[in-house]
Peer 1: 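Before anything else, here's the structure in question.
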Amino acid sequence: MKVKFFAQIRELTGCDAMELAVPDNATVDGVREQLMQQGEVWREALSANVLSARNQTLCNGSTAVCEDDEIAFFPPVTGG
Amino acid sequence: MKVKFFAQIRELTGCDAMELAVPDNATVDGVREQLMQQGEVWREALSANVLSARNQTLCNGSTAVCEDDEIAFFPPVTGG
Amino acid sequence: MFARVAQEDFSQQALYDELCAHDQRSRAGAIVTFTGRVRDYNHAGAIDGIELEYYPGMTEQALAQLIDKAVKRFSLTNAGIVHRVGRLANHEQIVWVGTCAAHRQDAFLAASFLMDMLKQSVPIWKKEWVGEQAHWVAAKGSDDDAAMRWLTEDKDS
Amino acid sequence: MFARVAQEDFSQQALYDELCAHDQRSRAGAIVTFTGRVRDYNHAGAIDGIELEYYPGMTEQALAQLIDKAVKRFSLTNAGIVHRVGRLANHEQIVWVGTCAAHRQDAFLAASFLMDMLKQSVPIWKKEWVGEQAHWVAAKGSDDDAAMRWLTEDKDS
């Protein structure tokens with residue numbers, strides 16, 4: 001699956017996008033947990049108040065995801 | 001004193017402005033009463049819901065007036 | 001600040017530029033504009049334009065006082081209003097209001113306030129034309145209610 | 001209806017004309033615009049411009065959905081939104097919202113709604129520059145509260 005990161009999360013992790021293999025029956029929270037295993041900086045970046053989107057629509061942690069999805073993690077928005 | 005009329009009142013009376021001599025200690029209501037003496041059409045025009053202004057500032061019926069004033073009578077406003 | 005009565009049409013860009021150029025601190029984060037246009041219908045059906053009468057002298061003064069009140073009440077950095085008079089065809093621009101403030105809520109509230117109060121306190125009267133006939137428009141209770149909202153808040157504070 | 005993300009600056013007149021040209025019934029009596037500009041200060045002092053990051057694809061989609069929601073909720077005859085991204089200097093234009101409706105209350109409410117919801121649901125993130133340093137802006141509780149006002153009304157109805 002494609003995973004994207006924005007703003008503080010992108011800067012902290014130094015990563016704007018990655019391909020990730022996820023198990024069957026994964027959820028957004030599962031993906032986030034998996035990413036946080038990658039190291040301290042990932043844990044820090046993703047443990048704060050983080051929003052998520054599945055296929056460019058806001059979703060919550062319990063949303064189911066599959067291999068073809070585009071998942072994104074980002075901080076609360078501050079446009080306008 | 002100068003008296004001005006606008007909108008329906010101007011049209012009904014056929015008068016947009018006139019000079020009027022008023023007694024000492026007159027009020028806006030007194031001026032209005034005096035004008036209504038001029039005939040049926042004046043009575044009709046000035047007996048409805050009428051606003052008044054003294055020297056271009058909204059005022060009420062009990063406002064005192066003097067010879068140098070400009071008094072105006074008009075219906076509720078409908079601009080915008 | 002500006003408050004004008006005009007026979008001729010106005011330009012959105014020119015008024016917006018005028019509003020921002022004279023913005024007190026050139027730092028307004030929020031600018032709101034309202035434009036009112038002639039609707040081509042009323043409650044009874046189609047109309048053929050309107051005609052606006054005003055009280056030269058008092059109308060300009062009432063508009064200026066309204067702007068002044070809005071600037072103080074909502075901490076605006078600038079505000080302006082232009083109201084046309086005379087005969088106007090359907091869809092023509094009638095009135096423009098613009099407000100500048102540091103924050104959006106003030107700019108929105110002030111523009112609403114200006115329109116609500118204008119409809120209650122500025123001497124302008126509207127006739128609607130249908131063919132060769134023109135009828136004076138009656139003041140609307142809903143406009144009184146809208147203005148009352150602000151006046152009641154005045155009393156409370 | 002239009003909803004765009006843009007690097008380049010926008011023209012007030014061009015957006016206003018676009019909004020009115022595509023007004024469904026060309027009969028909107030009320031047009032409200034909101035323009036947000038870069039303020040030259042924040043709570044801590046002077047700043048030197050901002051930088052806006054977005055999520056290509058999702059941001060455009062979120063703006064379009066927001067416009068759609070506002071048009072339905074407030075019976076608008078048209079609405080549009082443009083949000084800039086990238087590096088912006090102090091006082092530059094950031095965002096423009098325009099609404100057309102038969103009556104002024106709908107046009108005002110819809111423009112407020114669009115700005116409140118934009119600040120809560122559209123993926124755009126702001127950095128403030130001070131000299132050579134840039135800091136991400138934290139989401140404001142007051143913006144959540146403003147959006148909550150509309151969301152609570154949704155639940156009630």
Side-chain angles (χ1 to χ4, degrees), chain B residues 1-20 22 26-29 31-32 35-36 40-80, chain C residues 3 5-6 34-39 42 50-66 81-86 88 93-97 111-128 134-144 146-147:
Chain B
M1 105 188 352
K2 180 120 182 168
V3 190
K4 293 186 170 187
F5 308 98
F6 295 92
Q8 292 95 312
I9 300 177
R10 176 184 54 72
E11 281 195 346
L12 272 167
T13 63
C15 175
D16 63 353
M18 60 163 51
E19 288 295 332
L20 192 72
V22 292
T27 63
V28 169
D29 272 345
V31 173
R32 184 167 156 185
L35 290 164
M36 285 164 84
E40 188 47 46
V41 80
W42 284 93
R43 182 160 296 278
E44 191 191 329
L46 291 173
S47 62
N49 187 5
V50 170
L51 302 182
S52 50
R54 176 176 167 266
N55 298 329
Q56 309 194 347
T57 300
L58 280 174
C59 67
N60 56 41
S62 59
T63 301
V65 298
C66 68
E67 205 51 49
D68 295 335
D69 286 344
E70 172 177 301
I71 303 299
F73 294 101
F74 44 78
V77 306
T78 52
Chain C
V5 168
F34 172 86
T35 305
R37 299 194 301 181
V38 181
R39 283 195 292 264
N42 64 13
I50 63 169
E51 191 164 340
L52 293 163
E53 180 169 333
Y54 76 116
Y55 182 169
M58 180 170 173
T59 306
E60 292 86 340
Q61 209 172 292
L63 289 174
Q65 282 166 357
L66 203 50
I81 191 165
V82 177
H83 204 299
R84 294 179 68 199
V85 293
L88 300 179
Q93 303 187 117
I94 306 172
V95 59
W96 182 95
V97 156
S112 273
F113 169 85
L114 283 166
M115 284 307 301
D116 289 348
M117 297 304 284
L118 163 72
K119 281 174 177 275
Q120 217 216 21
S121 68
V122 176
I124 297 178
W125 302 275
K126 190 184 290 168
K127 247 181 177 172
E128 288 171 344
H135 293 282
W136 290 103
V137 172
K140 276 194 295 187
S142 63
D143 286 331
D144 284 347

Peer 1: Just wondering, do B:F6 and C:M58 contact through their side chains at under 4.5 Å, heavy atoms?
Peer 2: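 Counting from C-beta outward, C:M58 and B:F6 never come under 4.5 Å.
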Peer 1: Tell me which donor-acceptor pairs, judged by distance alone and kept under 3.5 Å, run between chain B and chain C, one pair per line.
Peer 2:
from	atom 1	to	atom 2	distance (Å)
B:A7	N	C:E53	OE2	2.8
B:R10	NE	C:E53	OE1	3.3
B:R10	NE	C:E53	OE2	2.9
B:R10	NH2	C:E53	OE1	2.4
B:E11	OE1	C:W136	NE1	2.9
B:E11	OE2	C:K127	NZ	2.3
B:Q56	OE1	C:M58	N	3.1
B:E70	OE2	C:Y55	OH	2.4
B:P75	O	C:W125	NE1	2.9
B:T78	N	C:I124	O	2.8
B:T78	OG1	C:K126	N	2.8
B:G79	N	C:I124	O	3.2
B:G80	N	C:H83	NE2	2.8
B:G80	O	C:K126	NZ	3.0

Peer 1: What residues, two or more places apart in sequence or in another chain, satisfy side-chain contact (heavy atoms from CB on, under 4.5 Å) together with C:A6?
Peer 2: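 side-chain contact (heavy atoms from CB on, under 4.5 Å) list for C:A6, sorted by chain: C:E8, C:V82.
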Peer 1: Work out which heavy atom in B:V77 is nearest to a heavy atom in C:L118; give both atom names and the distance.
Peer 2: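 Nearest pair, atom of B:V77 first, then C:L118: CG2-O, 4.2 Å.
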Peer 1: So what's closer than 4.5 Å to chain C heavy atoms on B:A7: side chain, backbone, both or neither?
Peer 2: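 Both backbone and side chain of B:A7 come within 4.5 Å of chain C.
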Peer 1: Which region of C:A62, side chain (C-beta onward) or backbone (N, CA, C, O), has a non-hydrogen atom less than 4.5 Å from a non-hydrogen atom of chain B, or is it both or neither?
Peer 2: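 C:A62 has no heavy atom closer than 4.5 Å to chain B.
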